[in-house]
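I have placed the structure first, in the form of structure tokens, so that the comments after it can refer back to it.
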Amino acid sequence: MIFDKVKRFLVTLDCPEPESTPVFSGGDTVTGRVLLELGAETKVESIKLHAQGLAQVHWSESYSTNPNVPNSQDHSDKVVYLDHQEMLLQTDNEGLTVLQPGKHEFPFTFELPDNAVTSFEGRLGSVRYWVKAKLHRPWATVKKAKVDFTVLQPIDINTPALLAPQAGTKEKNAHAWHCNLGQVSVNAKTDRKGYTAGEVIPIFAEINNGTSKAVVPKVAIMQTQTFVARGATTQKKTIVATMVGEAVAPGKRETWHGRALKVPPLSPSITQCRIIRVEYALKVCVEIPKSSTLLLELPLVIATIPLHAGGSQTSDISGQYSVNLDWLRGTIPELPEPPPAYSAIASNDDYAYTASPPVQDTFNGPLEGPFYTYIQEFQNRPPPLYSEVDPNPIEGVSLRCSAS
């Protein structure tokens, strides 16, 4: 067995928490070091560093002018956001450097461009950032080390555009064959346009059912991934969260006073990349038996900087809804409904979240499982499981409960 003098060769990035994933933003200075541990005296030609950030897309489309001869066309494109190369160790006149046994560190630093977009992983495209180091020695294979890092483009909720309430109205005359079933309408409003992963969106809505059939209101967060390559465009749409309301009886009206829909861990919105866009919308639909679905869409942005802690979200909501309620004809009170139970928004399932999409029996189109990038952890842990047996009993005291 040939003894390898290199015991360890790796790249590390400086970050506040060493065990966490390094996360940066455009314009940040990235620092780190290449660590080399040798078991014996070693001759080295050079140590090279290459930091890259790349957005790329690729997909194929099948077509055929002849049914017996299938053809396909490939579409691909890329955008380079970072390309930093640095020589960490090199001798003059193509000589060799002799390194002694032990640990050696080679620091490096570079700046991310201001236009660096958020990291993203999708089936048809990605935005990735990494740092790679290569160790060149005479008569030996090149040693390689690589570390990936995440970039988050700041999207601040605390701006007028993302704090503005979003509202819409939609109505339709339902038909089944040649019969007019009556009119269905929906008014919906959210307290603002921007949310971060883990937040709850309070939905204010009014559903009027003027038909002779019961209708079912539903709400969903839709993620739309758009990929562009030299003039060609394709999209992937995914339902990432859903909520089903109670059926509205014929001739009745249903009002939602801040019905809660939780935002799951999602990639932030990406709008500044030329070849990849990740956008979101809140879709409010009403299922009408034997007729097409009534669909209302409200803009939604998944941000990275949450609402400032200076004011509570509840007070912000009440302030937003205390004015300009003419569109709901005064049917919604100024204050939202009480918040949902803690178990409804912070269950153990949150920490075992999978990428499988919810039931997609209502929203049409090519849907796939959601793709994530940087996952924001929830700050509040769920309470301990309820038990009728006191885990810390007080000696000498007996408690009894009797049913009334």
Side-chain angles (χ1 to χ4, degrees), residues 9-15 20-34 46-61 73-88 106 108-136 142-155 223-236 238 265-279 302 304 355 368-376:
F9 183 62
L10 55 89
V11 181
T12 64
L13 298 177
D14 298 332
C15 57
S20 64
T21 302
V23 180
F24 303 95
S25 299
D28 286 353
T29 298
V30 180
T31 60
R33 62 202 78 251
V34 174
S46 64
I47 298 178
K48 300 178 181 180
L49 184 86
H50 192 188
Q52 286 185 288
L54 185 66
Q56 54 187 353
V57 297
H58 177 81
W59 74 92
S60 297
E61 292 181 350
Q73 182 177 1
D74 292 338
H75 302 279
S76 62
D77 203 349
K78 67 178 181 180
V79 176
V80 177
Y81 289 101
L82 173 66
D83 187 10
H84 172 81
Q85 300 185 50
E86 184 178 348
M87 194 70 70
L88 300 181
F106 303 90
F108 60 85
T109 181
F110 60 88
E111 287 190 3
L112 291 175
D114 293 333
N115 66 336
V117 301
T118 296
S119 302
F120 173 75
E121 286 294 330
R123 178 172 297 182
L124 303 182
S126 63
V127 182
R128 298 171 181 169
Y129 298 86
W130 67 89
V131 180
K132 184 183 295 184
K134 293 183 179 180
L135 172 64
H136 295 265
V142 177
K143 282 279 188 181
K144 300 179 182 179
K146 179 182 177 183
V147 62
D148 299 310
F149 62 94
T150 298
V151 170
L152 278 181
Q153 184 183 42
I155 304 177
Q223 180 195 70
T224 301
Q225 302 173 11
T226 304
F227 304 94
V228 181
R230 307 182 192 281
T233 303
T234 188
Q235 287 187 333
K236 295 293 181 181
T238 307
L266 294 173
S267 165
S269 299
I270 299 176
T271 59
Q272 303 300 319
C273 181
R274 177 173 61 83
I275 61 175
I276 296 176
R277 294 195 305 273
V278 180
E279 299 166 303
I302 302 300
T304 60
E368 296 181 358
F371 302 101
Y372 308 126
T373 169
Y374 177 72
I375 303 302
Q376 177 178 345

Exercise. Is there a donor-acceptor contact under 3.5 Å from the side chain of T304 to the main chain of I155?
Worked result: yes

Exercise. Taking atom NE2 of H75 and atom OG1 of T234, what is their separation to the nearest 0.5 Å?
Worked result: 8.5 Å

Seminar exercise, completed: In short, D114 meets G27 closest at the heavy-atom pair OD1-CA, 3.3 Å

Exercise. Does D14 reach the side chain of R33, with side-chain heavy atoms less than 4.5 Å apart?
Worked result: yes

Problem set entry | Note, V131 side chain near L49 side chain (heavy atom, < 4.5 Å) | yes

For this session: Would you kindly say whether T226 and Q235 are connected by a side-chain donor-acceptor distance under 3.5 Å?
Result: yes

Exercise. Is V278 close to Q223 at the side-chain level, that is, under 4.5 Å between some pair of heavy atoms?
Worked result: yes

For this session: Please identify each residue that fulfils side chain to side chain donor-acceptor pair (under 3.5 Å) with S25, with sequence neighbours left out.
Result: none

For this session: For S119 and V151, indicate whether the former's side chain and the latter's backbone hold a donor-acceptor pair under 3.5 Å.
Result: yes

Exercise. OG1/T233 to CZ/F227 distance, rounded to the nearest 0.5 angstrom?
Worked result: 11.5 Å

For this session: For residues Q52 and K132, determine if any side-chain heavy atom of one lies less than 4.5 Å from a side-chain heavy atom of the other.
Result: no

For this session: Could you check F106 against V11 for side-chain contact (heavy atoms from CB on, under 4.5 Å), going step by step and ending with a plain yes or no?
Result: CA-CA 10 Å; F106 303 90; V11 181; over 6 Å; no

Problem set entry | CD1-OG distance between I302 and S269, expressed to the nearest 0.5 angstrom | 5.5 Å

Problem set entry | Reported CG-to-OG distance for the pair L135 and S46, which is rounded to 0.5 angstrom | 8.0 Å

Side-chain donor-acceptor pairs under 3.5 Å in residues 76-87, sequence neighbours left out?
from	atom 1	to	atom 2	distance (Å)
D77	OD2	R274	NH1	3.3
D83	OD1	H50	NE2	2.6
H84	NE2	E86	OE1	3.0

Problem set entry | With F24 via ring-ring contact (aromatic ring centres under 6.0 Å, His included) - residues at least two apart | F149

Problem set entry | Minimum heavy-atom distance F108-L88, with the two atoms named | CB-CD2, 4.0 Å

For this session: Using modelled atom types only, decide if a donor and an acceptor are shared between the side chain of T118 and the backbone of Q153 within a distance under 3.5 Å.
Result: yes

Problem set entry | For the student: nearest non-hydrogen atoms of I275 and V57, plus distance | O-CG1, 3.7 Å

Exercise. Under 4.5 Å between any side-chain heavy atoms of H58 and Q56, yes or no?
Worked result: no

Exercise. Between V117 and Y129, is any pair of side-chain heavy atoms under 4.5 Å apart?
Worked result: yes

Exercise. Can you name the nearest heavy-atom pair linking F120 to S267, along with the distance?
Worked result: CD1-OG, 3.9 Å

Problem set entry | Sub-4.5 Å side-chain heavy-atom contact between Q225 and L124 | no

Problem set entry | Interatomic distance, T150 atom OG1 to R128 atom CZ [nearest 0.5 angstrom] | 12.0 Å

Exercise. Is the closest side-chain heavy-atom distance between F110 and L112 below 4.5 Å?
Worked result: yes

Problem set entry | Reported CG-to-CD distance for the pair D28 and E111, which is rounded to 0.5 angstrom | 9.0 Å

